[in-house]
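Numbered from 1 within each chain, the chains take letters A, B, ... in sequence-line order.
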2 protein chains.
Amino acid sequence: MKPGISEQIRRAIEARIMSGEWPPGSRVPGDADLAEQYGCARMTANKALTALAHAGLIERRRRAGSFVARPRSQAMVLEITDLAAEMAARGSSYRWELVNRRTLSSTALGALAPLLETEGVHHADGAPLAFEHRLINLAEVPVIAEADLSREAPGTWLLAHAPWTEAEHRISAEAATPAMAKALACSPGSACLTVRRRTWRGAAPVTLVTQHFAPGRHELVARFGSKG
Amino acid sequence: MKPGISEQIRRAIEARIMSGEWPPGSRVPGDADLAEQYGCARMTANKALTALAHAGLIERRRRAGSFVARPRSQAMVLEITDLAAEMAARGSSYRWELVNRRTLSSTALGALAPLLETEGVHHADGAPLAFEHRLINLAEVPVIAEADLSREAPGTWLLAHAPWTEAEHRISAEAATPAMAKALACSPGSACLTVRRRTWRGAAPVTLVTQHFAPGRHELVARFGSKG
DNA sequence: TAGTGGTCTAGACCACTAA
DNA sequence: TAGTGGTCTAGACCACTAA
């Protein structure tokens, strides 16, 4: 499945925003510029920008142009837990298994802040606990390129070296895909708790992570008061 | 601001879906049909369908056509805990269906504060959204014994009459049991997001509720800062 | 008032997949 | 294999609004 031109444009812009190369408020090329740059019709470029606007990544204003949207913030209390620390607190054994690691750098269009992509499995008490896919903004945390991510999970490393100041969680239940089922040693279609988390340090995106938990092996717990 | 043709098409289809005239699973006209019907270019009709698909209202399958999907909902976790209010905020229709209600008193183990047990189904946009089981501490909120819980969900009543001061959430993914599957009109074993919530008023427990959400119909979203 | 977004046309070819 | 979705082109005109 080859991505179409508008999808390529969308991804290229998304990567620049996520990498922090284009910070909130900065100008995104207009559809006419992009059409010329990519050698495509203006409508094709427009489609990419419309999708980004719909996803809330950019804002489009007539006559003024398109701009990277500022992430909304809401002060709330919830703990973000590192799986290694959580397992230690529970008295469970923990092991991180790095499955894949690669650097995503420049695209055909030019310089791009590099991203680190990792995939791996968190094991607890000798059995797979969660399958994780992660993108890390190397421009924001370049030192992680030197870290040994086969020994320490990226999340553990980040917590120690690049704490987040803002985060967004999306929590859902998803049926295990064949790849997830294989990594988690469960049946395809079984119910996995899925957590998608984006974190920022100030205005700079730090990481985007998806964790699929093995069926029945994980629960999120939040305690809070109604009045703070 | 006059809506464009594709926007008119989108609204017309949305209205039919929301009104229940086109229930989930029913076929939506293809872009070629719509183009002929509205006397517009196929791309214009396609745009409307693409927007609806992106919003999760329809699903498009090659060769097969487009079909009404079960709409997804979003909640700000830790913020909105009443489904009736959440659906109202979303502009979705909402209905509570009380399935079971009984009072539990002493057990074989000894004296026990009386509890009210309820079971029911939350419906949104005409389809089951969540199956709920609840226990209420009658010693703490005796007045609820007089409430008409077939008209108003217990959670809605409690929010108005006995607001909590402390809460604990436990969030997991669970395979649908036969009973859940029946209540939610889904397949047994499919992935349901499950929320268990305990609330207190001061030190006194008020309620313990378990909500199982229909597969793919609900997502919890939380956005927050690490430092408040 | 000039630049940008918003929308549309009337075609076209390919990809996928259910019948 | 035929039907549907997915994407694209090379134009066009209008709407809005910041410079």
Side-chain angles (χ1 to χ4, degrees), chain A residues 1-17 22 24-70 107-109 177-178 188-189, chain B residues 1-17 22 24-71 187 216:
Chain A
M1 47 171 70
K2 191 192 303 176
I5 301 173
S6 72
E7 180 64 9
Q8 284 176 39
I9 298 174
R10 196 195 62 75
R11 287 188 195 176
I13 295 173
E14 185 186 47
R16 282 192 170 82
I17 293 173
W22 290 352
S26 59
R27 191 198 187 83
V28 174
D31 45 18
D33 292 335
L34 289 168
E36 191 185 353
Q37 192 177 334
Y38 281 79
C40 66
R42 192 188 138 217
M43 227 205 145
T44 304
N46 193 316
K47 196 175 173 183
L49 291 175
T50 300
L52 287 164
H54 194 269
L57 278 173
I58 67 170
E59 284 175 6
R60 310 188 76 185
R61 291 197 291 272
R62 280 186 151 92
R63 164 72 190 177
S66 298
F67 302 88
V68 178
R70 297 175 194 283
T107 65
L109 292 171
T177 64
Chain B
M1 46 171 70
K2 190 193 305 177
I5 301 172
S6 73
E7 180 64 9
Q8 284 176 39
I9 298 174
R10 196 194 63 75
R11 287 186 195 177
I13 295 173
E14 185 186 62
R16 282 190 171 82
I17 293 173
W22 291 352
S26 59
R27 192 197 186 82
V28 174
D31 45 17
D33 292 335
L34 289 168
E36 191 185 352
Q37 191 177 334
Y38 283 83
C40 66
R42 191 187 140 218
M43 228 206 143
T44 303
N46 193 317
K47 196 176 174 183
L49 291 175
T50 300
L52 287 165
H54 194 269
L57 278 174
I58 66 170
E59 285 175 7
R60 310 188 76 185
R61 291 196 290 271
R62 281 186 150 94
R63 165 70 190 178
S66 298
F67 302 87
V68 178
R70 294 189 182 86
S187 308

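Residue-to-nucleotide contacts include a donor-acceptor pair under 3.5 Å from the side chain of Arg63(B) to the base of dA2(D).
Within the nucleic acid shown, Thr50(B) has no heavy atom closer than 4.0 Å to any nucleic acid atom. Looking at heavy-atom distances under 4.0 Å, Ser6(A) makes contact with sugar-phosphate atoms alone, never a base. Heavy atoms of Asp31(A) sit under 4.0 angstrom from primed sugar atoms or phosphate atoms, though from no base atom.
When each of Asp33(B) and Gly39(A) is assigned the nucleotide of DNA chain D bearing its nearest heavy atom, the one mapping closer to the 5' terminus is Asp33(B). Judged by closest nucleotide on DNA chain D, Ala41(A) is the one of Ala41(A) and Ala64(A) placed further toward the 5' end.
Of the charged side-chain nitrogens involved, at least one lies within less than 4.0 Å of a carboxylate oxygen, so that Arg10(B) and Glu7(B) count as a salt-bridged pair. By the 4.0 Å N-to-carboxylate-O rule, Asp31(A) lies close enough to Arg60(A) to be salt-bridged with it. A salt bridge links Arg61(B) and Glu59(B); the closest N-O separation between the charged side-chain nitrogens and carboxylate oxygens is under 4.0 Å.
Distances were taken from every side-chain heavy atom of Cys40(B) (C-beta onward) to each of dT17(C), dC8(D), dT9(C); the shortest belongs to dT9(C). The side chain of Arg42(B) lies closest to dC13(C) when the candidates are dG6(C), dA18(D), dC13(C). Set against dA18(D), dT17(D), dC8(D), the side chain of Thr44(A) has dC8(D) as its closest nucleotide.
Phosphate contact (OP1/OP2 of dT4(D), side-chain N/O of Ser66(B), threshold under 4.0 Å): absent. For dG6(D), one of the phosphate oxygens OP1 or OP2 lies less than 4.0 angstrom from a side-chain nitrogen or oxygen of Arg60(B).
When the P atom of dT7(C) is taken as reference, atom CZ of Arg10(B) falls 11 Å away, rounded to whole Å. The nearest whole Å value for the distance from the CD atom in Glu59(B) to the P atom in dC16(C) is 19 Å. One can place NZ of Lys47(B) at 4 Å from P of dT7(C), the figure rounded to the nearest angstrom. We find that CG of Leu49(B) is positioned 9 Å from P of dG6(D), with the value rounded to whole Å. Across the protein-nucleic acid pair, Leu34(A) atom CG and dT4(C) atom P stand 12 Å apart, rounded to whole Å. One atom, CE of Met43(A), and another, P of dG11(D), lie 16 Å apart when rounded to the nearest Å. The interatomic distance linking Arg62(B) (CZ) with dT4(D) (C1') rounds to 9 Å, in whole Å. The separation between Asn46(A) atom CG and dT9(C) atom C1' is 15 Å, rounded to whole Å.
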- Begin from the C-alpha positions of Val28(B) and Trp22(B) and carry the test side-chain contact (heavy atoms from CB on, under 4.5 Å) through to its verdict. CA-CA 8 Å; Val28(B) 174; Trp22(B) 291 352; 4.3 Å; yes

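Pairing partner, dA12(C): dT7(D), with both Watson-Crick or wobble hydrogen-bond distances short of 3.5 Å. In this structure, dT17(C) and dA2(D) make a Watson-Crick or G-U wobble pair, each of the two defining distances being under 3.5 angstrom.
Side chain of Thr50(B) to backbone of Asn46(B): a donor-acceptor contact under 3.5 angstrom is found. Remark: side-chain polar atoms of Arg27(B) are paired, donor with acceptor, to backbone N or O of Ala64(B) under 3.5 angstrom.
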